Participant: 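First the structure, which I've put down as structure tokens, then a few questions once you've had a look.
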Number of protein chains: 2
Amino acid sequence: MPGPARNARAPVKITDVAAAAGVAPMTVSRVINTPDRVSAETAARVREAIERLGYVPNLIAGGLSSRRSRMVAAIVPTIAHPMFAGLVQTFTDALRQAGYQVMLSLSGYEEPEQPGLIRALLGRRPDALLLTGADHDAGARQMLTEAHIPIVEIWDVSKDPIDMLVGFDHTQVGAAVAAFFRAKGHTRFATVSANDPRALERTEGFQDAALRGGGQIIASRVTAAPSTIMAGRSAMAEILPMVTDRTALFCSSDLLAFGALTEARLHGLRVPDQLAVCGFGNFELSGAAEPPFTTVHVEGAETGRMAANFLLRRLAGEPARDTDRVQVPFRILERGST
Amino acid sequence: MPGPARNARAPVKITDVAAAAGVAPMTVSRVINTPDRVSAETAARVREAIERLGYVPNLIAGGLSSRRSRMVAAIVPTIAHPMFAGLVQTFTDALRQAGYQVMLSLSGYEEPEQPGLIRALLGRRPDALLLTGADHDAGARQMLTEAHIPIVEIWDVSKDPIDMLVGFDHTQVGAAVAAFFRAKGHTRFATVSANDPRALERTEGFQDAALRGGGQIIASRVTAAPSTIMAGRSAMAEILPMVTDRTALFCSSDLLAFGALTEARLHGLRVPDQLAVCGFGNFELSGAAEPPFTTVHVEGAETGRMAANFLLRRLAGEPARDTDRVQVPFRILERGST
DNA sequence: GTGAAAGCGCTAACAG
DNA sequence: CTGTTAGCGCTTTCAC
């Protein structure tokens with residue numbers, strides 16, 4: 001009994017389902033996309049056919065026709081950084097719940113391969129875009145604006161955002177940490193920073209504020225991005241000879257801070273008497289290590305959620321508004337290291 | 001001077017470029033995809049027009065027509081885990097270099113929302129797929145095989161892989177750690193494991209081997225996935241009273257191990273004399289903490305690279321072969337905690 | 001080396 | 001509530 005050619009290599013398409021259910025292709029489309037506009041019986045019959053044939057709608061074709069890809073592209077430097085990992089998680093979750101798929105791209109810290117990357121992403125016609133704070137060159141910026149899609153930039157408060165923004169001022173973070181140290185009577189400061197634009201901004205903000213307050217910078221080290229514990233240890237080892245008196249150290253990441261603390265203790269430095277240390281990021285490590293150390297907390301997860309909501313609001317048709325540019329608050333969590 | 005309508009909201013398409021360059025659309029397509037088949041002069045003229053108009057080819061349309069999306073979908077449980085973060089990085093890099101974009105999906109550890117997720121991904125017609133070890137139900141498995149695309153499963157050696165495989169046997173890892181401890185004369189064992197399938201497999205492998213070797217399990221704790229340092233500390237705090245004699249602890253992750261060690265030292269336990277600890281993952285923390293602790297190293301980055309190469313080979317037209325299923329080696333890195 | 005015709009599989013828009 | 005028509009923007013295929 002031959003029966004109908006099962007397992008035909010040709011994938012089943014909407015016309016196959018329509019034929020099987022005895023309806024027009026458009027009706028199948030409606031059952032999938034706007035079930036309310038189809039009678040219950042018809043819908044049931046169509047669904048049965050979809051199930052039986054194992055139909056998986058071709059979203060590529062649908063997207064071309066409807067001019068909506070139901071896809072959002074996101075560019076972040078890395079996901080090795082807990083902050084970005086968390087941010088991407090919440091961003092992705094929020095969008096998936098709304099029926100959007102996220103196309104993630106990792107740009108790295110090194111070469112700003114933005115132009116090619118942005119081009120490749122835009123070619124897939126995402127309905128919206130998330131960018132991690134970066135100074136886009138003129139060409140990239142033009143492509144971005146001509147795409148006519150909602151764009152949210154995160155992580156940094158750009159002077160001149162393309163569209164929406166969820167970030168904070170890294171210089172201010174550094175300044176706040178300097179003020180925190182000064183309030184504790186510190187006058188000798190040191191920094192260890194990863195060599196990435198935002199980390200350097202925080203470090204400069206710290207140094208400027210420290211100097212303006214009459215303090216002195218006794219040492220500063222810049223390590224390769226992304227940050228590692230080992231880099232923190234090495235930097236601390238180099239700085240050690242300069243720590244001849246009570247010193248306050250700001251690290252651009254909790255990983256560096258943990259490394260610095262580890263190395264400092266190994267050499268018998270008393271924390272926080274001789275060396276006070278503040279990190280950045282509030283990674284789990286900063287609170288779970290023994291003893292816990294002081295750090296700057298920034299709402300990474302919340303940033304992802306807000307960015308997603310901004311995009312979704314626009315995708316739902318709402319117009320741009322003033323409140324589309326927000327500062328994410330940060331705060332210093334004081335723990336045993338200061 | 002009005003000039004041609006600049007900034008027209010309609011995005012520029014291939015016909016616009018063709019008209020501007022005085023050629024047929026097909027020629028523009030060739031300049032982009034198969035430049036060798038176009039004369040140098042024509043190509044130059046077309047490229048100038050592309051540049052001037054800011055043309056970004058619509059890959060959705062191209063994909064529909066060519067039936068190749070130049071996109072690879074990947075499903076991993078999380079990227080908060082350094083192993084997966086690294087794996088995703090190398091996988092993504094390798095594919096991007098070959099001109100493929102990776103569409104990443106995070107499935108989480110909790111509810112296996114596989115069916116819906118797989119359906120959504122397959123709807124975008126990826127050219128290939130990466131799956132993180134999971135037992136797919138019959139429906140998912142059918143969709144997967146009927147997609148007729150290369151699939152690589154990672155992280156776990158499935159009994160019955162769908163197609164290609166790059167993983168290792170988690171039970172064997174646990175057994176190897178037990179053997180390692182036994183060789184050091186241990187007879188009392190304990191475990192702390194995250195509640196995820198693979199972690200539990202490693203833990204069971206450890207316990208079985210330990211018992212078979214005549215040892216005894218004095219305590220075992222299961223914590224929520226994903227692992228955290230704090231969970232390791234809490235679990236250790238619970239286990240402490242049972243550590244009345246020389247004990248060997250296996251943690252399903254370095255995060256748990258670090259937490260356990262931190263807590264144990266805080267309570268004055270001597271490591272490794274009273275308590276020996278082995279983690280899993282070789283996160284930077286295990287080697288950079290002071291003192292460093294013993295762990296199991298698995299080549300995460302290499303797994304991502306191999307998975308990518310497997311897929312690329314198939315995408316290049318090569319047939320399936322025996323060597324498409326490989327075991328990733330693992331090894332125990334002995335450090336101060338054992 | 002270049003062009004013309006014919007779709008890819010779906011949905012918007014309009015009828016009925 | 002359901003169907004018909006006409007594309008979406010590209011590439012395949014076949015001519016020239």
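Chain naming here is simple, since letters A, B, ... match the order of the sequence lines and numbering starts at 1 in each. Because the structure is a prediction, the values reported are computed rather than measured.
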Participant: B:Glu318 vs B:Arg314, test: salt bridge (Lys or Arg N to Asp or Glu O under 4.0 Å). Steps then yes/no.
Facilitator: CA-CA 5 Å; B:Glu318 292 189 27; B:Arg314 282 281 187 80; over 6 Å; no
Participant: Any donor and acceptor pair, going by atom type alone, linking the side chain of A:Ser39 with main-chain N or O of A:Thr42 inside 3.5 Å?
Facilitator: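 At least one qualifying donor-acceptor pair exists.
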Participant: What's the CZ-C1' distance between B:Arg37 and C:dT2, to the nearest Å?
Facilitator: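 Spelled out: CZ on B:Arg37 to C1' on C:dT2 is 13 Å.
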Participant: Write down the protein N/O and nucleotide N/O pairs, taken from nucleotides 6-9 of chain D, whose separation is under 3.5 Å; answer none if there are no such pairs.
Facilitator:
residue: D:dG7; atom: N2; partner: A:Ser65; partner atom: OG; Å: 2.9
residue: D:dC8; atom: O3'; partner: A:Arg67; partner atom: NH2; Å: 3.4
residue: D:dC8; atom: O2; partner: A:Ser65; partner atom: N; Å: 3.2
residue: D:dG9; atom: OP1; partner: A:Arg67; partner atom: NH2; Å: 2.9
residue: D:dG9; atom: OP2; partner: B:Lys13; partner atom: NZ; Å: 2.9
residue: D:dG9; atom: N2; partner: B:Ala61; partner atom: O; Å: 3.2

Participant: Counting only non-hydrogen atoms, which of residues 20-35 of chain A are less than 4.0 Å from DNA chain D?
Facilitator: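 Those residues whose heavy atoms fall under 4.0 Å from DNA chain D, taken from residues 20-35 of chain A in numerical order, are A:Val23, A:Ala24, A:Met26, A:Thr27, A:Arg30.
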Participant: What do the steps show when you test B:His136 against B:Glu153 for side-chain hydrogen bond (donor to acceptor under 3.5 Å, both in side chains), and what is the final call?
Facilitator: CA-CA 11 Å; B:His136 323 290; B:Glu153 289 171 283; 2.9 Å; yes
Participant: Indicate yes or no: at least one non-hydrogen side-chain atom of A:Ile75 is less than 4.5 angstrom from one of A:Ile118.
Facilitator: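 Sidechains of A:Ile118 and A:Ile75: in contact.
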Participant: Report yes or no: does A:Arg325 contribute a side-chain atom to a donor-acceptor pair with the main-chain N or O of A:Asp163 at less than 3.5 Å?
Facilitator: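 Yes; judged by distance alone, with no hydrogens or angles, the pair exists.
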Participant: Look only at the side chain of A:Asn33 and the backbone of A:Arg30, and say whether a donor-acceptor pair between them is shorter than 3.5 Å.
Facilitator: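 No; zero donor-acceptor contacts below 3.5 Å.
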Participant: Within the side chain of A:Thr92, is there an N or O that forms a donor-acceptor pair under 3.5 Å with the backbone of A:Val88?
Facilitator: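 Here the side-chain-to-backbone pair exists.
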Participant: Rounded to whole Å, please give me the gap between CZ in A:Arg45 and C1' in D:dC1.
Facilitator: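 Those two atoms, CZ and C1', are 12 Å apart.
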Participant: Between A:Ser69 (side chain only) and A:Gly63 (backbone N and O only), is there a donor and an acceptor less than 3.5 Å apart?
Facilitator: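 Here the side-chain-to-backbone pair does not exist.
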